[in-house]
Amino acid sequence: MDRTMADPVVRARDLWKSYDGRADVLRGVDLDVAPTEAVLVFGPNGSGKTTLLSILGGLDVPSRGSVTIGGREISRLKESALAKIRLHDVGFVFQTHNLIDDLTVEENVALPLRLARKPSDVRVADLLATFQLARLATRRPKEISVGEAQRVAVARALANGPKVILADEPTAALDANGTAAVLDAFQLARTSYQAALIVATHDADVKGFGATSYRLDAGSLTAVP
């Protein structure tokens, strides 16, 4: 992708984060992500990957620096404004699928739309069909496989048409087949739903789809050739 052709959908500048005022979890991180671009952030446990995604998605704030999503600087917004950003502009996929056990697959996918008070029927039906989940629509999370549940999580993350999907170790609990299915789902998120993608992982098998790769180590982010 020619990164000069479009303004970044996500831009981080000089991000620092310290929780105790002494040890820096992030150290001057800069990152630009273009629309529909895929970015892989590799790093060992404790390298700051989760902290980086949390700040990019408005779940946490940097000690210093700025984050812009869709041209809007979010780093100093109040919680009510951040909640709207998280609902409409950012989709999250975590290591565990975080589905609601009492809801069906269809209801889990529809939840962000209902929270946003948007019509859900057509959008949810489209997502279930795209991610080959229609046959599971009436089942509950405990009645499907872990890999299927993670695909549901990807579909749910796309419900409100976010600008970017943030995925934190999304394949850590999956076998090879489950990992391949989730990576295919991420590719669909980009090609069919025009979402940018940032995946943080320590799994070397997470690769492909033309992604730009970075390594985060001891809080510093560097490009991987």
Side-chain angles (χ1 to χ4, degrees), residues 1-17 26-43 48-93 112-113 116 118 123 127 130 154-168 170 183 185-201 206-216 219-225:
M1 173 180 292
D2 184 348
R3 297 168 65 89
T4 67
M5 294 297 290
D7 292 333
V9 67
V10 176
R11 168 169 282 173
R13 284 294 177 269
D14 196 29
L15 289 184
W16 292 75
K17 181 64 178 181
L26 296 179
R27 301 172 58 85
V29 169
D30 291 330
L31 179 66
D32 283 349
V33 182
T36 75
E37 184 179 8
V39 167
L40 298 178
V41 179
F42 292 97
K49 300 190 304 296
T50 296
T51 296
L52 176 59
L53 290 193
S54 295
I55 291 174
L56 294 179
L59 293 171
D60 200 353
V61 296
S63 302
R64 192 164 83 233
S66 65
V67 174
T68 302
I69 295 180
R72 185 180 186 187
E73 210 282 321
I74 71 166
S75 308
R76 302 294 179 260
L77 293 179
K78 294 182 178 179
E79 176 56 31
S80 58
L82 282 174
K84 291 180 180 179
I85 294 288
R86 294 192 295 264
L87 182 60
H88 296 283
D89 295 329
V90 182
F92 295 93
V93 179
L113 286 158
K118 295 179 181 178
R123 178 73 171 184
L127 287 163
T130 298
V154 176
R156 180 183 61 182
L158 287 164
N160 277 333
K163 295 178 175 65
V164 59
I165 297 289
L166 304 178
D168 189 6
L183 296 183
F186 283 143
Q187 180 69 344
L188 285 171
R190 296 175 60 219
T191 58
S192 297
Y193 294 94
Q194 303 300 297
L197 176 67
I198 305 175
V199 178
T201 183
V206 177
K207 55 189 175 182
F209 43 75
T212 306
S213 295
Y214 296 86
R215 182 164 184 83
L216 186 64
S220 296
L221 188 71
T222 54
V224 176

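The heavy-atom pair separating V9 from K163 by the smallest distance is CG2-CB, 3.4 Å. The two residues G57 and R86 come nearest to each other via the heavy atoms O-CG, 3.2 Å. The two residues A155 and L127 have their closest heavy-atom pair at O-CD1, 3.6 Å. The shortest non-hydrogen separation linking A159 to L113 is O-CD2, 3.5 Å. Annotation for A200 and K49: closest pair CB-CB, 3.8 Å, computed over non-hydrogen atoms. A34 approaches A196 most closely through the heavy-atom pair O-CB, 3.7 Å.
Distance alone, capped at 3.5 Å, places no donor-acceptor pair between the E37 side chain and the L197 backbone. Formation of a donor-acceptor pair under 3.5 Å by the D30 side chain with backbone atoms of D14 is found in this model. In terms of modelled atom types and a separation under 3.5 Å, the side chain of R11 and the main chain of E73 share no donor-acceptor contact.
The CZ atom of R76 sits 10.5 Å away from the CG atom of L82 when rounded to the nearest 0.5 Å. The line from CG of D60 to NZ of K17 is 4.0 Å long, rounded to the nearest 0.5 Å. Taken to the nearest 0.5 Å, the CG atom of L31 stands 8.5 Å off from the CZ atom of R13. For the atom pair CG of L87 and CG of N160, the computed distance is 5.0 Å after rounding to the nearest 0.5 Å. Here the straight-line distance linking atom OG of S66 with atom CG of L15 works out to 7.0 Å at 0.5 Å rounding. Rounding to the nearest 0.5 Å gives a distance of 10.0 Å between CG of L40 and CZ of F186.
Exactly one of L166, D32, D89, V164 qualifies for a side chain to side chain contact (heavy atoms under 4.5 Å, CB included) with V10. That residue is V164. Considering L26, L59, L216 as possible partners of T51, the one that fulfils the side chain to side chain contact (heavy atoms under 4.5 Å, CB included) test is L26.
Y193 places none of its side-chain heavy atoms less than 4.5 Å from the side chain of I165. Between P170 and V199 there is a side-chain heavy-atom pair separated by less than 4.5 Å. Contact check for K118 versus H88: side-chain heavy atoms found under the 4.5 Å cut-off. Annotation: side chain of K84 is not in contact with side chain of L77 (no heavy-atom distance under 4.5 Å). Within the 4.5 Å cutoff, no side-chain heavy atoms of Q194 are placed close to those of P35. In this structure the side chain of D168 never reaches within 4.5 angstrom of the side chain of V93, judged on heavy atoms. Using a 4.5 Å heavy-atom threshold, the side chains of R64 and S75 count as separate. Looking at T201 and F42, their side chains come closer than 4.5 Å, going by heavy atoms from C-beta outward.
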